[in-house]
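In listed order, ligands and their atoms are each counted from 1.
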Amino acid sequence: MIFDVVTIFPDFFRSILEYGLLKRARVSGQVEIRLHDLRDFTDDRHRSVDDRPFGGGPGMVFKPEPIFRAVEALKAESGGAQVPVVLLSPQGRLLTQAVAQEFAKAPRLTLLCGRYEGVDERVAEYLATEEISIGDYVLSGGELAAAVLMETVVRLVPGVLGNEASAAEDSFSLPESPLENGAQGLLDCPHYTRPADFCGHKVPEVLLSGNHQQVRRWRRRRALEKTWRNRPELLARVSLSDEEQALLEDIKRAACEPALHGEKAFAPAASGRTVKSS
Ligand code: 9D3
């Protein structure tokens, strides 16, 4: 799979290409990530990529010409094949695991990173085939979003990860993990490793018991608990077995409120919060 990244900060990506999964995928030749400096596609002395917004207002906007020119150059090079062109933008549709799975099917992907107040809308309208956001928070540009997209897509390229092995693991612990199936499932259960007693903080007894039936049940319960507490909206979309349904009712009875998003983002997580009586 080939990624072409168009950016005014190609160096921004250098370090992330040198570590972990992206590094391995590149070195093994399964993935190629090409960085293109947008300024190389300007035609003025100052190599300017931005201009003032029509209609007034603060900040600057990426002009269309260098971006169109960059993409045309890439198209010419790839011999007229249909290459998806992704504009990373706060106005895009949300990147999810399901969207990443679609992208992973393409042999080649072009990523356009904006900066400043935004990108001339004609790029989204007439050049990009997709407009993608990575979430509802403000970044300073598309570069981090492009890096996030590449990492999540590269993981899904067949043969890059021990894809088969980790998929099997997931279905052992929980058949429907939201991270592997587009947020259709539950959050993961907690994990522990040695020491069994860390400064008096003990690993749950059941995990040391060797009773696999009990371990499975415990993991389901804790996954349901986490989901109820941190991502209650996910529960509306999963179909629970009778056993899970019963576990969930039990969890709700145990005075465990779903998290409030936004205003209480930094409230202490988990354990023993009292239910407001209203
Ligand atoms: C504070 C400026 N905002 C005015 C209401 C608009 C704005 C313009 C440009 C906000 C962010 C950006 C730069 N962001 C991206 O290019 C971006 C992004 C993001 O900010 N959040 C989530 N996903 C993405 S993908 C690209």
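- Close contacts between ligand 1 and Tyr116 involve ligand atoms 8 (C), 9 (C) [criterion: under 4.0 Å to a heavy atom].
- With ligand atoms numbered from 1 in the order given, ligand 1 contributes 25 (S), 26 (C) to contacts under 4.0 Å with heavy atoms of Ser89.
- For the side-chain contact (heavy atoms from CB on, under 4.5 Å) with Val160, the lone residue among Leu22, Val153, Leu21 that qualifies is Leu21.
- Taking all heavy atoms of Ile132, Leu139, Leu149, Ile134 into account, the minimum distance to atom 20 (O) of ligand 1 is reached by Leu139.
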Run the numbers on Arg222 and Glu225 for salt bridge (charged side-chain N to carboxylate O under 4.0 Å, His left out), then give the verdict. CA-CA 5 Å; Arg222 295 305 308 274; Glu225 241 174 66; 3.3 Å; yes
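- Remark: minimum distance from atom 2 (C) of ligand 1 to any protein heavy atom is reached at Glu117 OE1, 3.8 Å.
- In the vicinity of Gly141, heavy-atom distances shorter than 4.0 Å reach the ligand 1 atoms 13 (C), 14 (N), 15 (C), 16 (O), 17 (C).
- A donor atom on one side chain and an acceptor atom on the other are not found under 3.5 Å apart for Glu243 and Ser241.
- For ligand 1, the atoms sitting less than 4.0 Å from at least one non-hydrogen atom of Leu88 are 25 (S), 26 (C), numbered in the order shown with element in parentheses.
- Every atom of ligand 1 is numbered from 1 in the order shown, and the set under 4.0 Å from a heavy atom of Ala145 is 25 (S).
- No donor-acceptor pair under 3.5 Å is formed between the side chain of Thr42 and the backbone N or O of Pro66.
- At a cut-off of 3.5 Å, with distance as the only test, no side-chain donor of Glu18 or Ser15 sits close to an acceptor on the other residue.
- In this structure, atom 5 (C) of ligand 1 has its sub-4.0 angstrom surroundings free of protein heavy atoms.
- No donor-acceptor pair under 3.5 Å is formed between the side chain of Asp242 and the backbone N or O of Ala246.
- In terms of polar-atom proximity, defined here as any N/O pair under 3.5 Å, Val138 makes no such contact with ligand 1.
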Given Arg221 and Glu244, is the salt bridge (charged side-chain N to carboxylate O under 4.0 Å, His left out) satisfied, shown in steps? CA-CA 7 Å; Arg221 188 193 164 94; Glu244 288 166 332; over 6 Å; no
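- The closest protein non-hydrogen atom to atom 21 (N) of ligand 1 is Tyr137 O, 2.8 Å.
- Checking only distances, Ser140 never comes within under 3.5 Å of ligand 1, N or O to N or O.
- Near Gly135, meaning under 4.0 Å from any of its heavy atoms, are these atoms of ligand 1: 21 (N), 22 (C).
- For ligand 1, the atoms lying closer than 4.0 Å to a non-hydrogen atom of Ser133 are 22 (C), 23 (N).
- Between the Arg26 side chain and the Leu17 main chain, a donor and an acceptor come within less than 3.5 Å of each other.
- The option from Pro90, Gly118, Gly59 that lies nearest to atom 7 (C) of ligand 1, judged by heavy atoms, is Pro90.
- The neighbour count for Phe198 CZ, taken as heavy atoms of other residues, nucleotides or ligands under 6.0 Å away, does not exceed 12.
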